[in-house]
There are 2 protein chains.
Amino acid sequence: METSHRNLTQQLVHELGKAIMQEKYPVGSSLPSEADLCSQYGISRTATREAVKMLTAKGLISSRPRQGIKVQAIKRWNLFDTDVLEWVLHGKPDLYMLRHFLQLRLALEPEAAYLAAQYADQEDLVQIEAALVRMKDATNGYDDTHEADIAFHQSVLSASGNPFFSQLKTFIATALKVNIRFTNRMIPVTLVEYQAHADIFEYIKNKQPQLAFDAALVTQKATLAIVNKQIEELEASTN
Amino acid sequence: METSHRNLTQQLVHELGKAIMQEKYPVGSSLPSEADLCSQYGISRTATREAVKMLTAKGLISSRPRQGIKVQAIKRWNLFDTDVLEWVLHGKPDLYMLRHFLQLRLALEPEAAYLAAQYADQEDLVQIEAALVRMKDATNGYDDTHEADIAFHQSVLSASGNPFFSQLKTFIATALKVNIRFTNRMIPVTLVEYQAHADIFEYIKNKQPQLAFDAALVTQKATLAIVNKQIEELEASTN
DNA sequence: AAAAATTAATTGTATTATAAATAGTATTGT
DNA sequence: ACAATACTATTTATAATACAATTAATTTTT
C-alpha cells in the first residue's frame, strides 16, 4: 500500500483506518490507549495523537479523558472520505455493501450524465472520449478493463460541472472495485458494454440530456437487478 | 456557534474552517505558520498542530515543511463532511452553489423515497409520520417550518436502509438551509407542499416505490427549475 | 442505602529540543 | 553566462517531559 513515503502520523492513520475496517477494532470497542499505541508502533505521543485527531476528523473514532479511544457507530463515519473509501476495500467483501454502492450509483450516474449533457465543455468531452478509447482497447486486451471503466465514469462526473458530483469520483471508483471483488476473474469489457458507454458519450456530446440519462439508467438498473437477485437467492438458501 | 464547551483544538478547527469558507484564506493562499497561529490564538503548538491535522484530514489544507499551510483546491475538500457543510453556511450566499445542491438532491431524493418504500421498517414509518405531523402543525404556525421539513427528508433517507443515503442527511439539511437563505423571509409551509410530502409518505407506507419516486421527483424538478430560471435571468441581466 | 469525597486512569495542553524537508541563495566549475 | 552544486534559513515533523482537566471507579461518610 506504499506507506513508506508517508510520515509517521499518516502511516498510523492508515494502519488504524484499515484495522477498523477489518473489524480488528469493531464498532463500539476501544482502541489501545495513546500510551499503548506509542509503544506498539514505537512512535512518540505527538505523532500518535495527531493520527488519532485525523481519524476523529473522519468520524471513525472519538477520544475522551478516562474513556479512551472508541470506534464510532458507522453512521458517524465519513463514508465519502477518500481514505475511508480506500480502507473499505480492506474490509470483508459484503454483498449488502455492494448493493448499497449500486443503489447510490443508480441515483447518481443517470443525473450526472444528464448534467454532463447540459454543461460539459470541450475539455470534458476530450476526457470522456479518451476513456472510451481505452475501453475500446480493453475489448481487444490492449488496456486495463477496470481502470478504463473507472476513468469513463469519473470523467462524466467531472463533466457535470457540479463539485458535489465531482467529489463522488472516489465513491464510484470504489463501487466499481467492490463489484470486481464479486466477479473474481478479470472480465473483459464486452462490445455490448462498450457500446452502452459509447451511446452515453454520444448523447452527452450531442447535448441530449434525457437520452443520456435514460442510457445510464438502464445500465445501472441492470447491474443492481443482478445483485438484488443474488441477495434473494442467498437469503432463500439461508432460511 | 457554541464553541465554549469545545476544547482548544476543536475551537481552532472551527475558526479556521469558517475563515476558509469566508475566503479570509482563499484557495491556494497560505495560512499563518504554526508559530503565528499559536501566538494569534494564544495556544500551544500541540493544540495548533492537532487542529491543522484535522483540517488536513477533511481535505481543506495541506502542510509541508518550508512551504507552510496552504488552502487546497475545492475538489480536494470533503464536501460531504458534516463540519465542512456547516462551515459552508458561513460562506457567501451563492446561487450557483444552491443549484449544485439542488442538482444532487434531484438525484438523491427520489431514489431515497424509492428505497424507503422498499425497505422502511415500522420504526422508520413512525419517524417519517412524526415529521409529517410537525409539518402539518407548521402550516398552522405551531412548529418550525424548516426544521420539520428537514426532519421529514432526513427520516426518508434513514428509511432507505442504506448507510450512504443516511450519511447524506447533513447534506440535505444544509441544502435546505442554503435554500432558506435565498428566500429571506420565513415562508410557512403551504398546504400544497404539505400534501406533496404526505403523498410521499403514503406511497412509502403502502410500499409503492415507483409512485414515491415520481412524487419526490416532481417536487425536486420544480425547485431546481425555479433556481435555473433565476440564474438565467441573472446571467441575462449581467450580459 | 444514598450521597459525598477521594482516587486513579486517560486524554488535553504546554514547553522545549532536535530532526527532516525544502525553497531560496550563494558558490563553484566550465 | 550558464548550469550544476553546495549552503543556508525557514517551516513542519517528531520526540520527550511535565502538568492540567476530565471522569470512571472506589472509598468514605452520613
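Computed from heavy atoms alone, side chains included, the values below leave out hydrogens, waters and symmetry copies. Chain naming here is simple, since letters A, B, ... match the order of the sequence lines and numbering starts at 1 in each.
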ask   = Is the backbone of B/L60 close enough, under 3.5 Å, to the side chain of B/Q72 for a donor and an acceptor to pair up by distance?
value = no
ask   = Are any of the side-chain nitrogens in A/R134 or A/E147 under 4.0 Å away from the carboxylate oxygens of its partner?
value = yes
task = Could you pull out the closest heavy-atom pair between A/F101 and A/V178, with the gap in Å?
result = CE1-CG2, 3.9 Å
request  = Could you tell me whether the side chain of A/S158 reaches within less than 4.5 Å of the side chain of A/Q127, counting heavy atoms only?
outcome  = no
query = Does B/R66 have a side-chain nitrogen or oxygen under 4.0 Å from the phosphate oxygens OP1 or OP2 of D/dA9?
reply = no
remark   = Whole-Å distance, A/K70 NZ to C/dA9 C1', equals 14 Å
task = Specify the separation, in whole Å, of atom CD of A/Q67 and atom C1' of D/dA25.
result = 14 Å
query = Has B/R64 got a side-chain N or O lying under 4.0 Å from the OP1 or OP2 atom of C/dA23?
reply = yes
request  = When you get a sec, tell me which of C/dA9, C/dT13, D/dA9 is the closest nucleotide to the side chain of B/E50?
outcome  = C/dT13
inquiry  = Before you tell me yes or no, could you show the steps for A/F152 and A/F201 under ring-ring contact (aromatic ring centres under 6.0 Å, His included), namely the whole-Å CA-CA distance, both residues' side-chain angles and the distance that decides it to 0.1 Å?
reply    = CA-CA 9 Å; A/F152 178 87; A/F201 171 64; 7.8 Å; no
ask   = Under the 3.5 Å rule, do the base of D/dA13 and the side chain of B/R45 count as making a donor-acceptor pair?
value = yes
key: Separation of C/dT10 P from A/I61 CD1 (nearest whole Å)   = 16 Å
query = Roughly how many Å is it from CG in B/L12 to C1' in C/dA14, rounded to a whole number?
reply = 15 Å
task = Could you check how far CG of B/N7 sits from P of D/dT23, rounded to whole Å?
result = 11 Å
task = Output yes when at least one side-chain N/O atom of A/T9 is less than 4.0 Å from OP1 or OP2 of D/dT14, else no.
result = yes
message = Categorize B/T46 for me: base, sugar-phosphate, or nothing, with a 4.0 angstrom heavy-atom threshold over every strand shown.
response = base
request  = Taking all heavy atoms of A/A131 and all of A/S155, pick out the closest pair and write down the distance.
outcome  = CB-OG, 4.3 Å
query = Between atom CG in B/L8 and atom P in C/dT15, what is the gap in whole Å?
reply = 12 Å
remark   = Quick note, A/P65 side chain, CB onward, closest among C/dT10, C/dT13, D/dT14 is C/dT10
message = Expressed as a whole number of angstroms, how long is the span from A/Q10:CD to C/dA20:C1'?
response = 15 Å
remark   = Residues in residues 24-44 of chain B with a heavy atom under 4.0 Å of DNA chain C, by number, are B/I43, B/S44
query = Is the phosphate of D/dA13, meaning OP1 or OP2, less than 4.0 Å from a side-chain N or O of B/K53?
reply = yes
task = For residues A/Y96 and A/V227, determine if any side-chain heavy atom of one lies less than 4.5 Å from a side-chain heavy atom of the other.
result = no
inquiry  = I need the NE2-C1' distance between B/H5 and C/dG12, as an integer number of Å.
reply    = 15 Å
